[in-house]
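Below, chain A is the first sequence line, B the second, and so on; all start at residue 1.
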Amino acid sequence: MNDPAKLNRRQVLELCISRGLLALAAGSVLLPKQLFAAWQQAEQQALKPTPHEAFGPLFLKDAPNQRVLRAPGDPGVPLKVSGRVLNTKGQVVEAAVVDFWQADHRGLYDTHGYRYRTRFTPGEGGEYGIDTVIPGHYPDRPAQHLHYMVAAPGHRTLVTESYFATDPFFEGNIDKNWNKQGIAEHKEMILPVSLFENASADNHSMHAEITLDIVLEKA
Amino acid sequence: MRQALFFAALVCAPLGLCAADRTLTYEGHPSAIYFSPDSKTVVAGSWSGGIRAWDVDSGNLVKDKTGLKGTFLLSPSLYAVIDEDNRTVAIWNLVGQSRVRLFKGVDPSTLAVSHDAKLLAISSGEAQTVEIWNLATGKQNQLVQDGAGGAARLVFSPNDQALVSANYDNDIRMWNTETGQLFARVGDPTGTMFGAEFTPDGKQLIVAGLDETVYIRDAKTLAVIRQLKGQGEAIARLAISPDGRTLVTSGRDPIDARNPAKVVIWDLPSGEIERVLQAAHPAFALAFSPDGKWLALTLKDNQITLLDFGAPGAK
C-alpha cells in the first residue's frame, strides 16, 4: 500500500473513485489526510456484517446437503436464493457451513423430515445457490421469511432471516412498515425480489430471485 | 370478576376432569405458573397479561399486577420486566414490590432463577452466551458459551449446582453454576427441546420438544436412559410431580394450529399414559404444587385449571 504522506489530493481522489468512495469525497470538506483515513477504514471494514435476526423454534440439525429444495410438481412460486459468504473485508470465508430452512408455500414447516431444509458448504468464490419456493404465511409469523445459520472457523456464527420486499405484509411501504409487529429486526434484511418470466412457446411461468451476501464477523 | 373461583362442574365433563378440579380466571395465556413453597398460593404470569396470584383454598385473588409489559415470571416470588427496546432486564420481588436488580445491555431469549433464588441465568441468542449472575451481590458469576440459537429452556438442578440450557440449535449443554465448567453437552436431540426439568431427586433430566418424544436422561452425562412416545405432537412444556411418579407433558402440532393441543399425564415408572386432556392451546405453563395435590395448567382460554391429584402425599 502507498504511504499516505506521499499521496497528493488527486491520487487520493483517484483511489477513492476506484474504491467507490467518491460519494464520500464529493461535497465533503475532508482534507486529503482525512479522506485517506476514511478510505483506509473503509478498506478494513469494507462490508457490514449481516445482522442477526431471530432463530425461531423450528430448526432441525443435520439437514441433508441439497441445493434443490423444490421437488418437481411442488406448488408455489419458484425462488432462487443466491449470494456469497464473505468476511467483512470482502474475502471468501473458507469452510463455511450454511444451514438454511424455511416453510413451504403454505407457510408450513416440515418437522418430521427435511423438506425445505439444507446444510451445505458454499462453492468456489464462496458462492451458493438454492432452488426453492417463496414460503407462505402462517398465523404466528405473518411475514414470509427464510432462515439462515452460517458458521465458519474463526468467525462468529450468524443466525439471521431474510424477508421479501414484495410481501403484502409490508403493505408496499418498507420504510414505514419494516418493523411492523416487531418481526424484522433490521430493515436491510427485507430483500428486493426480482421476477423473471420463463418464457417458452406454450409456457409463461414466473420465477423469483433474491440475492443475499452473507457477511460474517471474526470471532 | 377476575377473582371468581368456579368449581368446575361445567367444564369438567367436556374436559374429562373430576369434580374437585378448579378453574381460576386469567386474561390471556400464562407463560409460567408457580406455587408458593407452602402450596397455599398459585402465581401466574405472561408477557403482556401481568401477574396474578390466588389463594388456592379460597380461590381469592391476592395479587393482581396488570398493565405491565414484558413480564416474565421466574418463581413464586420473583419476576423480570424485560424492555427489549432499551435492552434491560429488571428483576422485581413480587411480595415486597421492590426492584432487586437491573441488568443493562441484555436481550434475553429466556431467563431462569435458581431454587434458592440466589442465581439468575440469562440466555442471549444474539450473544450466544448464558450469563449467571449473583442476585444478592449483582456480580456476574459466570459467562458461558452457548449455542447459536439461544436457550429455549434454562433450568437449574434441584441443588442449583448445575444449569442446563436446551438451545434452539437442538443441543443441550450443562454447566457448573459455580465454576462455569461445561459438565456435559449432547448433540443427539433431533429438534429443539422446549421442555426440560430435573426429577426431584436430581438424578435424571427429562427433556421433550419438537420431535414429539420424551427423553429421560442421566443428569450427570445427559445420556438417554429411556424414551416415551405417545404424545404424537411437539411438546411445549413438561412438569414432574414432587414424588417423581407423574410426568405431565403439553403439546400441539407446532405447524398447524388447527390440530388440537393435548396434555398427557404419564405414570413415570411404567412410562404408560394415564390420561389425555384436550386443550385449546398447548399449556406453556405447568406446575405441581409442592405438596403434590394440585397440577396447575392452562386448558382453555383465559383460565387456569387446578387439577386435583388427591390428598397431599398420596397418589
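Of all non-hydrogen atoms in A:V159 and B:A148, the two that sit nearest each other are CG2-O, 3.3 Å. A:K61 approaches B:P189 most closely through the heavy-atom pair CD-O, 3.6 Å. Of all the heavy atoms in A:F55 and B:Y168, the pair that sits closest is CE2-O, 3.1 Å.
Rounding to the nearest 0.5 Å places NE2 of A:H112 at 10.5 Å from OG1 of B:T190. Taking CD from B:E84 and CD from A:E185, the interatomic distance works out to 8.0 Å, rounded to the nearest 0.5 Å. In this structure, CG in A:L60 is found 12.0 Å from CG in B:D169, a value given to the nearest 0.5 Å. With values rounded to the nearest 0.5 angstrom, A:E53 atom CD is found 9.5 Å from B:E126 atom CD. Note that the CZ atom of A:F59 and the OG1 atom of B:T192 stand 8.0 Å from one another [nearest 0.5 Å].
Heavy atoms of A:R106 lying under 4.5 Å from chain B are absent altogether. With a 4.5 Å cut-off on non-hydrogen atoms, B:A152 does not touch chain A at all. Residue contact with chain A, scored on non-hydrogen atoms closer than 4.5 Å, involves the backbone of B:A127 exclusively.
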